[in-house]
Every structure is written in structure tokens, then in C-alpha cells.
Protein chains: 2
Amino acid sequence: MTKRVVNSSDVAKLAGVSRSAVSRTFTPGASVSPEVREKVLKAAKKLGYRVNRLAQTLNARGSSNLVGVVGANIGMPFIAKQLDLLSLGLLHKGLQCLLLNAADARQDIAPLIELIFEFRAKAIVVLSGEPPNAILEECKRRGVKLILINRMMEATDADLILTDDLGGARLAAEELLAAGCRKIAVVTSGSGTPSQQRRAAEFCRIVNAAGGETLDWADGPTSYETGLAAGRALLGDRSLDGAFCVTDLLATGFLDAARHEMGLRVPEDISIVGFDDIPQASWKSYNLTTIAQSFDALTDAVLSAVDHEGDIVEVSTIPVQLIRRNTVRA
Amino acid sequence: MTKRVVNSSDVAKLAGVSRSAVSRTFTPGASVSPEVREKVLKAAKKLGYRVNRLAQTLNARGSSNLVGVVGANIGMPFIAKQLDLLSLGLLHKGLQCLLLNAADARQDIAPLIELIFEFRAKAIVVLSGEPPNAILEECKRRGVKLILINRMMEATDADLILTDDLGGARLAAEELLAAGCRKIAVVTSGSGTPSQQRRAAEFCRIVNAAGGETLDWADGPTSYETGLAAGRALLGDRSLDGAFCVTDLLATGFLDAARHEMGLRVPEDISIVGFDDIPQASWKSYNLTTIAQSFDALTDAVLSAVDHEGDIVEVSTIPVQLIRRNTVRA
DNA sequence: CCTCCCGTTGCACACGTGTTCAATTTGCAC
DNA sequence: GTGCAAATTGAACACGTGTGCAACGGGAGG
């Protein structure tokens, strides 16, 4: 006994019409008479018929309505929230989300993208890692939209969606300077992503220009533990009166090191500003002053880039906003 | 100018062989002579040929190597981590992950599952929501593996993967009783998921049997804010000396309410135990004693269920473990 | 040299759908 | 009733692939 799935021909046979009629019934805007449509729908329901999207896509010239999403560390709060909203938006738009999770941000994501090619996806969204140039060319050749979120800057063949890192760094710097901070730690991970580097560099530039002193840290993955380690290493220097952590995850770790290991009071002894506004930033134990990115703007930008046909690349900037909570001295 | 994607016939033509030879070259275990294989590979590389998985699947009788994953609240720490490991494991096994994100845990997930049917997925993993019985039957009829994680208990046609909620509740109860707690809050969300209900019911049973008193709370979504609200509402009663929150997210909120709003010391004034061991549970500000589920066991169970052919349903139990940190009085 | 067997190859079919094109029917005005 | 346009319908093709089947070729054993 072979469990065969029902065909459009099966439906056609039962309804007593041609297979074309069945196809047209399920194709919006096609020309079918109401009575035929009803017969077809009845037969389809009886047999439990469902269109085979794979065959549908195969037929349609060009690509499917699949969107490949490449990421790493899906479990981290900020990425998780991005993915949550993004997949929701895609689904809402009638697009399906093929998730390719990289084991590690450092992993070469080229094989994953090539896998997406094999599925004839309509677009590819890259949340982590940096696709090599060969991939960029291949995307262009195949007519696949490539959308990079906070990735390489000099890629000219992909749609770029960039957080306003410079604006955010400025907000953070001004807030800490206004609080009277003069010697400020700048905490980044060792991953060296362009986004983090831009934030750190711009922050240092502004603070130094204002006569402040900055102290860099860059090591480890982008994690709570790294923030903790940074705090342990840097906070021995009691002359530090401020810290800018380029990620909230780093900031929470740094803050915990200050309070629970180094015996410092926040914000009385040291002021801290983060970046991203992850959910935990608003938890009472942290109450972290941070730079929020508009998730809505980010999602909208991705969705519009997916739809946006044409060869002109789009560069969207996600606006940022200072969220004042309670980790900067008044 | 039409941007056509390269065919296997294109490759065949360039290599001077038949299309079958191309297909066989990319089919492991097929019979091709080394010289033909090399010619084909050379031509394929030159043209940038990639197998079209959609056509591949269409041909192959039966289903694809897609696995549909249905979830909600992908952004929440516990779900996010589940999804992270799961998608990683699936990818590692050569399976692709089609992510369908529900807007809300209460949303009817039947349409999402039906969408997965249309893609002829090999299996469906349900992380949130409860599929109606009609879906169960349809899965069986279509020969699609249905895997439910911590969902309905009485479903007999699906593979079930269940956390050892009862064992976890027992560990929590024993820990709190051993700490001398006599009047214990039991905090659940208002979502009424079977998993949460089992944990709460078993906990109450054990504590009551030991002569302890329990105080229930069940309202709101499963979130930090709900835990906060529960703490505000319950902790006015100063005779409370313990709390079991069926989710770490609830526990963190509850703990913050105790410390930052009700002026209580944890664990001196009240002992708290959570469930899930989300990453934040180990953050220094919480140091939450909690019941950990083995993520590896969960992932393994899902992967084995996907592969496991045959009509017999599998029921896997994910073991739990008490993680002692610092929210229970010694 | 003949026979048998095995590895390789190409042809043709099947998978399930959307769509063009011509044929047919319907509707309508005269 | 008749002519014409519009709406509907069905047959046939295309999409890109894997594979059964038969044909072919070569080497080993007799």
C-alpha cells in the first residue's frame, strides 16, 4: 500500500472537470465559472487536497516565495528578537522562512547560502557572518536579493540595512560626558564585527575630542560572560567613572561584575550605557540606560527590501534612541 | 533579457554527455565513470550549476527533507535556545528548517501546519500551541511525522517529547521543604499550558502532603512582567517564605519584585525556585536556583523522532536536574 | 572464438503544477 | 434569427530532476 498524496488530477476527476480548472480555482484572478469553482472546492475538500508548493514553484519561471535567513547564535536575546519579528513579518506577507543557523559567528556562511540557492529562494537575509564576494556576485547573477543586516559596509551589490551606529555612539558619549565622566571604558567583543567597531570608534572619537580618556577592551565572544570578564579586568582601576558597552549583553555582564564582584555602586560610582535595548535591559535588576534600535524599522526595511525589485541597491538606516533608565548618574 | 538559471541539460551539453550523467554525478552512490564525473563537475563549476532541490523533491516519491517548525514567541530565552539547538541539529543532519512563527501562543496554529503540508515537509515540530485533532489525523494520513514538544498529553498519533515535569516539581518541592518553607507561592501564567499545569499541580500535591501550604497565582502571559505582577500581588503577605515559579522568566520577575519593590531579601526572607535554567538564571543578579532540562536530550529526541520511520509513536522524556544557586536558604 | 557478467550510458517516463492557445459556449444587441 | 464579443474550458507544453529499462562495451573464463 502506497500512501499517495492527492493530485490536482484526482480532484479534477472527482469534480468531473479538467485539471486546468482545478489549477485555476486555486489561482487568484484566474477565470473560472462559479459553479465549476464550487465543484472543485467541494471535491478538493473531500479529498483533502493541498497545492504542492514545490511543483508550483518549479513551474513558475524564476524563484519561489521562500526567503532564506542565515544567522548564528539565534539564542541570544537581540538576535532572537530580530528573528521573531522578521519571521512574523515574512509570514504575514505570504513569504516562507527557511532558517539556516550557523554554529558560530565565525563559521563560513558560504555553504549555507549556497544551500539556499538550491532552494531557489527569492531573497537571502544575512544576520551574522560575512558572505565572501563570490557569493555577492552569484546572488546578482541569479537575481536573488541579498540583504545584509549590520554587515560589511563596502558591499555594493547587496541591500544594506544598517543601524545608526554613529548616532547611537554619539548619544551614549554625550550622555556619559554630561554625567561628568572623564575616564570611560569601551567594551567590545573580540569578534570585530563592523557594527561594534563603528560604535566603539565613534564613541572614542567624540569622548577624546571632548578631552575625555577612553580605555579599550576587545576580547571573547559577544556574551554576558565577556562583559563579566571585562568588568573584572578593568574595574580594578578605581579612577574609571564610566563605561560604554557596545552591546547590552556585554553591559549586563559588566554591570554585574561591578556590583557583585568589585563592590561598586551603579550609577553612583560608575555610569554604564549599553546598546540594543534587549528585553533584559529593562529588568529591575539592571535598569540599563541604553541605545534602542527600532525593531519595527528594521523589520520594515527587510520586508521592503525583499519586495523591492530592480537593480538599484537600497541602504536603509535604522534610527536609534536613547533610553534613560538608571545606570547613569543624574 | 531573461536571467535563466542553469539547467542540468546545460551542463550536459557543455560536458558532452547525457543529462542522466549529470544527475548521477550529483547523486551519491550512482554509477558514473570517473572521467565522465570529472567532465561534468568541470562543466558544472564553469556554469555555476546547482541542483534544484525543489525539482529534486518533486521527483522523489514522497516528501522532501524539509522539516517544519511551528512556534510562538521565538524571542523568549527558553524557546530561542530550543530553536537554536534544534535548527543547528537539523542542519547538521542534512535537513532544512522551515520556520513558521505564530504571532501569539493562543493563535490557531492549524493554518500554519497546513502551510507546511503544502511544502511536503517530512516532519513537523510543534513548539507552541496545540494542533486540533483534525491536524493529527491529516498528518497520519499524509505520512508526515508530527512531533509535539511539551504539548497535549492525550495525543496518541504524534510523537511526544515531554519534560519530566513531575520529577522537576518534586525536586523543587523537596528543596523548598528542606529549606524549611511552610507557605509557598506557586506562580504560573494564565496560558494554562499542560506543562505548566503539571508542574504546579504536582508541586502543590507534594507540599500539601508534607503539611505545607500553597498559594496559587495564574494570570497573564508567560513573561517577566507577569512574574513581577505576581510578586507585587502576593508578597504583601509576609508569612510567605517560599515560591515556586514554573518558568524562569516568571521567577526573574518575581525575584525582582521581591528585592526591588517589596524590600525583601532573597533568600533570607523568601526562597525561590524556577524552572528551565534559561541563560539569565545564571547571571549574577539572579543566581537562581532552578530545574534544568537537558537541551541536548531534547534536541536528540527531536532528531531521532524525525528519522524514526514506522507507525509506532515514540514518547521521550527529557530528564531534569536541580541546579543549586543562591535563591534558596541553606 | 564464444559466452557470460558487470559496469556504464542514454532514452524515456514520472513527479505536480501554471499557463498559452485554440475551441467552445454564453451573453447581448440588432 | 443572426452576428459578434466576451467568458469559459480543455489539451498540450514547460519547469528540472531521479530512475527503470534496455543497449552497449569490455574483460574473464571456458
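Side chains are part of it too, since the values below use all heavy atoms of this structure and drop only hydrogens, waters and symmetry mates. Naming convention: chains lettered A, B, ... in sequence-line order (proteins, then strands); numbering from 1 in each chain. Because the structure is a prediction, the values reported are computed rather than measured.
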Lys/Arg-Asp/Glu bridge criterion (N-O < 4.0 Å) met for A:K145, A:E314: no
Those residues of residues 26-35 of chain B lying under 4.0 Å from DNA chain D by at least one heavy atom: B:T27
Interatomic distance, B:E38 CD vs C:dT8 C1' [rounded to whole Å]: 17 Å
Residues which pass ring-ring contact (aromatic ring centres under 6.0 Å, His included) with A:F78, listed by chain and number, not counting sequence neighbours: A:F295
Stretch residues 40-52 of chain A: residues that reach within less than 4.0 Å of DNA chain C through a heavy atom: A:Y49, A:R50, A:V51, A:N52
Interatomic distance, B:R37 CZ vs C:dT8 C1' [rounded to whole Å]: 13 Å
Residues which pass side chain to side chain contact (heavy atoms under 4.5 Å, CB included) with B:S8, listed by chain and number, not counting sequence neighbours: B:R19, B:V22, B:Y49
Strand contacts (DNA chain D) in residues 9-25 of chain B, 4.0 angstrom heavy-atom criterion: B:R19, B:S20, B:S23, B:R24
Interatomic distance where CG belongs to B:L58 and P belongs to C:dC13 [whole Å]: 18 Å
Non-neighbouring partners of A:E118 that pass side chain to side chain donor-acceptor pair (under 3.5 Å), sequence neighbours left out: B:R53
Backbone N/O of A:D165 and side chain of A:T163: donor-acceptor pair under 3.5 Å: no
Passing option when A:L146 is tested against A:V126, A:V125, A:D159 for side chain to side chain contact (heavy atoms under 4.5 Å, CB included): A:V126
Listed pairs under 3.5 Å, donor-acceptor, residues 23-33 of chain A side chains, sequence neighbours left out:
from: A:T25; atom 1: OG1; to: A:A21; atom 2: O; distance (Å): 2.8
from: A:T27; atom 1: OG1; to: A:S23; atom 2: O; distance (Å): 2.8
from: A:S33; atom 1: OG; to: A:V36; atom 2: N; distance (Å): 3.4

With A:K93 via salt bridge (Lys or Arg N to Asp or Glu O under 4.0 Å) - residues at least two apart: A:D307
Axis-to-axis angle between the two ends of the helix from C:dC1-D:dG30 to C:dC30-D:dG1 (five base pairs per end, rounded to 10 degrees): 40°
Rounded distance (Å) that lies between atom P of C:dA14 and atom CG of B:L54: 22 Å
Salt bridge (charged side-chain N to carboxylate O under 4.0 Å, His left out) contacts in which one or both residues fall within residues 63-73 of chain B, not counting sequence neighbours: none
Nucleotide C:dT17, atom P - distance to CG of A:N65 in whole Å: 15 Å
Heavy-atom donor-acceptor pair, B:R151 side chain to B:I149 backbone, under 3.5 Å: yes
For A:D84, all residues meeting side chain to side chain donor-acceptor pair (under 3.5 Å), sequence neighbours excluded: B:N101
Modelled atom types, side-chain donor and acceptor of B:T222 and B:Q196, under 3.5 Å: yes
Counterpart residues, side chain to side chain donor-acceptor pair (under 3.5 Å), relative to A:D10 (two or more places apart): A:R4
Any A:N59 side-chain N or O less than 4.0 Å from OP1/OP2 of C:dG16: no
Interatomic distance where CZ belongs to A:F119 and P belongs to D:dT17 [whole Å]: 14 Å
Separation of atom CD in A:Q56 from atom C1' in C:dC15, rounded to whole Å: 15 Å
